[in-house]
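Everything on this sheet refers to the single structure shown next.
Atoms within each ligand, like the ligands themselves, are counted from 1 in listed order. Just so it is clear, the model here is predicted, and its values are computed rather than measured. For this chain, numbers begin at 1 and follow the sequence in order. Side chains included, hydrogens not; waters and symmetry mates left out as well; all remaining heavy atoms used.
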Amino acid sequence: MASAQFPKPGDHQFQYGTAGFRMKADLLDSVVFRVGLLAALRSRRLNGSTIGVMITASHNPPADNGVKLVDPMGEMLESSWEKYATNLTNASTDEELVTTYTNLVKETHAFDVTPKVVFARDTRASGSRLVAALVAGLEAAGAEYQDYKLLTTPQLHYVTRCINTKGSPHAYGEATEEGYYQKLATAFKTASAGKKFHGEIIVDCANGVGGPKLQQFLKYLPPVAEGGINIRVVNDDVVQPDRLNYNCGADYVKTNQRAPPSSHAEKMQRCCSLDGDADRLIYYFIDNDDTFHLLDGDRLSTLAALFLSDLVKSAGFPAEKLRIGVVQTAYANGASTEYITERLKLPVICTNTGVKHLHHEATKFDIGVYFEANGHGTVLFSDVALKRIWKHEPQSPAQKIALDTLQACTQLINQTVGDAISDMLFIELILAHKGWSPKEWDLTYKDLPNRLGRVEVRDRNIFVAIDAERKLAEPMGMQAEIDNLVGKHKSGRAFVRASGTEDAVRVYTEAATRSEAEELLQKITVRVREYGNR
Ligand code: 16G
Ligand code: MG
């Protein structure tokens, strides 16, 4: 039996979480083999649509790896299937695996068709070994498959959608890496025609797969001498595996609130960082007083919303024809939410943490902008919006220019999932249109000081969050205590939630001053410890 080559390690319990399966790479062989079976099953359930499998552990250390499934339109695996992934990977013997699989074929009403799967991986050393396990699983399930080798996560999402929409009115593009570069480069050139880029931008690629891919992409853009964007790629070493995400990358910058030492940014220079699989993006700069300024996912979101709402107006659309909305989580800085509602006059929806929740809510608008504060996000255009945008008749040359730009944006933005390369080009485009340096962008509003804490307790599951994780339903009485503490601080806000990825509780606080945010964090942390260890 094929699975005998990939035995489940000991009594390890696996769980398909918000980011798929992710852990030390040497625990993953059996998991990836079984994900191969599951991908085939998912394809059969969807009558032979192509399913994507990405092998990556994103911003985790080099010794980790992970695997996740991509649904046909490039979305994350439908959440009702996460439990099947969990069941399959936990079957302890080959016999149990066969039984579980056979039952799933029935339970999911899988069709009797040849499954189709595409896959890719990031640059981790364990990647090719895990690909072998995946292929064994796919072959055991009788699947047709195509290996796209090294890709960023969003590229694999793009390719999956292209394959499944080929020949339809919703065709998304050429299902190749080159097709991806061509689509984005063409859109970027159209949307930035005649605009000037403000100096050089440093792009830190976390020594991950984004490095070589961005280098490759640059070949499709006009040269700097001809007015093209001036991108300096740093941290693109994928030869020494230990350097991946080490002292660099979006997660490092966001968590440590400082630039990677290796980026050597000058004062006031525009910088950004991707994460290890290039689906997260964070901007930053160091001002003339050596103060570090972070432009995180909230900033990407507010800038995108500002630009798109202006563009929609300038192109001559009445507001009700293209409703723009923004989706955030409780982690979004209160000042960003206020800016969107009060200044941009746009609706904001708050959802649970995790990209799939934001993505889902964003589909409810004609143009849905969503970003997590950590830099993962994108913009979604509904089918109706796309139709209106492509059919619109501009009434003046100025409307035509705005419309051309808006149309190009729908091509530039990767609508399947947050995509650091695509998001970066979009942000660069906006800054060029506005003639802004990061300083003007930073000045659009002032972040409220905030703190994020991590508390380990005996049982994190007693903390039950409701209202998009802004309040605690349990333990009884705790929310009243938080409200009481928060009420003592100007612009105070706080929430507590159990982490979905670690055995810990997260505490977020915000207040008018840094010391108040800190004080609030300390006081709430004490209460979390007390309740969590009872
Ligand atoms: C996962 C999520 C990320 C979220 C984080 C929260 C995806 C692809 N990733 O990494 O969006 O911010 O979990 O982690 O959805 P936490 O539950 O440990 O705070
Ligand atoms: Mg990532």
- Any donor-acceptor pair under 3.5 Å from Gln479 side chain to Leu472 backbone: yes
- Note on the structure: Closest to atom 15 (O) of ligand 1 among protein heavy atoms sits Val355 N, 3.0 Å
- Task: Look at the side chain of Thr255 and the backbone N and O of Tyr252, then say whether any donor-acceptor pair between them is shorter than 3.5 Å.
- Result: no
- In terms of atom number and element, which parts of ligand 1 are under 4.0 angstrom from non-hydrogen atoms of Thr353? 4 (C), 6 (C), 12 (O)
- Task: Give a yes or no answer on whether the side chain of Thr329 reaches the backbone of Glu372 with a donor-acceptor pair at less than 3.5 Å.
- Result: no
- Consider every N or O of Gly500 and every N or O of ligand 1, then say whether any pair is closer than 3.5 Å. yes
- In ligand 1, which numbered atoms sit nearer than 4.0 Å to a non-hydrogen atom of Glu372? 3 (C), 4 (C), 11 (O), 12 (O)
- Taking the side chain from Asp298 and the backbone from Ser336, do they hold a donor-acceptor pair closer than 3.5 Å? no
- Query: When you measure from the centre of the six-membered ring of Phe371, is the NZ or CZ of Arg280 under 6.0 Å away and within 45° of the axis?
  - Reply: no
- Atoms of ligand 1 less than 4.0 Å from Asn374 heavy atoms? 12 (O)
- Is there a side-chain contact between Asp147 and Phe119 (heavy atoms, below 4.5 Å)? yes
- Note on the structure: protein heavy-atom neighbour closest to atom 9 (N) of ligand 1 works out as Thr18 O, 4.2 Å
- Item | Proximal ligand 1 atoms for Arg497, defined as those under 4.0 Å from one of its heavy atoms | 16 (P), 17 (O), 19 (O)
- Task: Could you tell me which atoms of ligand 1, counted from 1 in the order shown, lie closer than 4.0 angstrom to a heavy atom of Gly354?
- Result: 11 (O), 15 (O)
- Atoms of ligand 1, numbered as shown, that sit under 4.0 Å from any heavy atom of Arg506: 16 (P), 18 (O), 19 (O)
- Can you count the protein N, O or S atoms that lie less than 2.8 Å from the Mg ion (ligand 2)? 4
- Any donor-acceptor pair under 3.5 Å linking the side chain of Asp279 with the backbone of Pro154? no
- Does any N or O in the side chain of Tyr158 come within less than 3.5 Å of the main-chain N or O of Glu174, such that one atom is a donor and the other an acceptor? yes
- Taking only heavy atoms of Ser499 into account, list the atoms of ligand 1 that are under 4.0 Å away from them. 16 (P), 17 (O), 18 (O)
- Query: Are the side chain of His376 and the backbone of Gly418 linked by a donor-acceptor contact shorter than 3.5 Å?
  - Reply: yes
- So, Arg121 side chain and Val67 main chain: donor-acceptor pair closer than 3.5 Å or not? no
- Task: Please name the residue in the list Glu75, His157, Met73 that meets the side chain to side chain contact (heavy atoms under 4.5 Å, CB included) test with Thr416.
- Result: His157
